[in-house]
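Okay, so here's the structure we're looking at.
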Amino acid sequence: MLHIGGARTALYNWLLARGSGGQFVLRIEDTDRERSTPENVEQILEALRWLELDWNEGPLSQWERRDAHAAAVQQLLGEGRAYEDEGAVRFRVPEEGEITFQDAVLGDVTNPFSAIKDFVIQRSDGSPLYNLAVAVDDRDMGITHVVRGQDHVSNTPRQLMLLRALGANPPVYAHIPLLHGPDGKKLSKRHGAASVQEVRDQGYLPEAVRNYLALLGWGYDESTTFMTTGELVERFTLERVSKNPAVFDEQKLRWMNGHYMRELPPEDLHHRLEEFYSRSIPVEIVAISREKMQTLADFWPLAGALVDPPTEFDDKAWSQWGTSPHLPAVRSALADANGWDPEEVEAILRKLVDERGVKPKEVYQPIRVALTGKTVSPGIFESVAALGREETLARLDKALARAE
RNA sequence: GCCGCCAUCGUCUAGGGGACUAGGACGCCGCCCUCUCACGGCGGAAACCGGGGUUCGAAUCCCCGUGGCGGUACCA
């Protein structure tokens, strides 16, 4: 599971690394012993792959670099920078003074030493703690930039002290704002789309998610909203990252996703829908649904009845339109059609509307209900054309029979 | 409690002393388009947390307050 906030952090890291032309070396900060099992890391990498963020997998810090961490602790112990305390090892923090670091988004952050206790860097069982592990890893892996959530700001002085004690050049730190739920509190599962996996299953496009995530806590100028990944890479800078926490707004993501769906070449959209539903879908039906969807998951409720015949009729829809007196005339007019394309169908139906002197809706809605069982579908001319003459007439007959 | 960070429409944000009667976007409301649902077009309501300073002039700088968040672990 890759939390949406984590995905945004990963995206910022990625944009920065790409934008630097390979000069920056970054690391996904996730040394959680529970989550950092190989399986869980694979899940995270899979989520990143879906977002199309290629990532060079490195070693799993606390699982695979124990020797390096232990050696660093020994070094600090030997130099008197750390001491043993009931089996655990603590780093010695000065009594007086303060420590300042420059943050690429927050500016200077200063902490008095008096607020930092001597902290444990190695447990009594010999395992390293987070602050020690990342400091050693940053040094050994030549990390140049650490971009992470603001929940890490107060860890930074500790890591900085460690880094200095270990004789390493500290990286550039950038703490990006946290994501909050709609209630203003920390984002949690109950707030809806919380993980990349869920967002994917809800039918969002990776390019839309990327674009949206980039804009949560960062903006390019006063009006640009849609940006390709290339533009994002080119334009992204830490200086423009906001200091304020953001709220994940699914409605805006939906809107943005709809835009990306409509931008997609029809064949591409068709392919993604078939992939999403794991089944084949007629390309014509996808084509006529394009303007009406915001997510891939919107397709079936909208046009599924055109793909597979409806098994039942919506009660309200049927009672309002199902027994329309115009239906028999529609049936025979269509049966006499010379051709079968949207234009031809439209001509026939418009003529019928004209002859009967009724509102277009009086004729079109009954057809829609007869064909799909519902009052919502793609355009009626396009739907009829896509269904084909035989299927259309068969469905009309079925509805006609039912009406008796 | 202590330490730190933050504070512009409901939401994401633009703004870095005069261009601000505060701009854009989502959402919302109205109108247009219209065969449903949408798309699209046009218009509208909607914000600088409060109080002191500094300055000819503050959303922008400083201080205080308030509020939110984070940390204060042999969690990450």
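Computed from a prediction, not measured in an experiment: that's the story for all the values here. Chain letters run A, B, ... following the sequence lines, proteins first and then strands; every chain starts at 1.
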Q: Check the surroundings of atom CG in Asp315(A): do more than 12 heavy atoms from other residues, nucleotides or ligands lie under 6.0 Å from it?
A: no
Q.
Is it the case that the side chains of Tyr212(A) and Asp249(A) hold a donor-acceptor pair, with the cut-off being a distance below 3.5 Å and no angle test?
A. no
Q: Scan Leu216(A) against the nucleic acid and name what it touches under 4.0 Å (heavy atoms): base, sugar-phosphate only, or nothing.
A: sugar-phosphate
Q. Residues from residues 90-107 of chain A sitting under 4.0 Å of RNA chain B, heavy atoms only?
A. Arg90(A), Leu106(A)
Q.
Under a 3.5 Å cut-off for both contacts, is C28(B) paired Watson-Crick or G-U wobble with anything, and if yes, with which nucleotide?
A. G44(B)
Q. Rounded to the nearest Å, what distance is computed from the CE atom of residue Met227(A) to the P atom of nucleotide A14(B)?
A. 11 Å
**Q.** Trp255(A) ring center near Tyr204(A) ring center (under 6.0 Å)
**A.** no
Quick test: give all pairs of protein nitrogen or oxygen and nucleotides 19-23 of chain B nitrogen or oxygen below 3.5 Å, distance rounded to 0.1 Å.
unit_1, atom_1, unit_2, atom_2, d
G23(B), N2, Glu222(A), O, 3.3

(Q) Using the side-chain heavy atoms of Gln365(A), tell me which of these nucleotides is nearest: C35(B), C37(B), C74(B). (A) C35(B)
Protein-nucleotides 39-41 of chain B N/O pairs closer than 3.5 Å?
unit_1, atom_1, unit_2, atom_2, d
C39(B), O2', Glu291(A), OE1, 3.3

Q: Name the nucleic acid region contacted by Gly149(A), choosing base, sugar-phosphate or nothing; use a 4.0 angstrom heavy-atom cut-off, strictly under.
A: nothing
(Q) Taking the six-membered ring of Tyr260(A) as reference, does the cationic atom of Arg262(A) (NZ for Lys, CZ for Arg) lie under 6.0 Å from its centre and within 45° of its axis? (A) no
Q: Would you indicate what Val153(A) reaches in the nucleic acid, counting non-hydrogen atoms under 4.0 angstrom: base, sugar-phosphate, or nothing?
A: nothing
Q.
Regarding Ala246(A), tell me which of base, sugar-phosphate or nothing describes its non-hydrogen contacts under 4.0 Å with the strands shown.
A. sugar-phosphate
Q. If you measure from the P atom in G16(B) to the same atom in C37(B), how many Å do you get, rounded?
A. 44 Å
Q. Is Pro112(A) touching bases, backbone alone, or none of the nucleic acid, heavy atoms closer than 4.0 Å?
A. sugar-phosphate
Q: Output yes if the stacking criterion (under 5.5 Å between centres, under 30° between planes) is met for His152(A) over the base of A76(B), else no.
A: yes
Q: May I ask you to say what Tyr212(A) touches in the nucleic acid, namely base, sugar-phosphate or nothing, with a heavy-atom cut-off under 4.0 Å?
A: nothing
Q: Assign C39(B) to syn or anti; the rule is syn for a glycosidic angle within 90° of 0 and anti otherwise.
A: syn
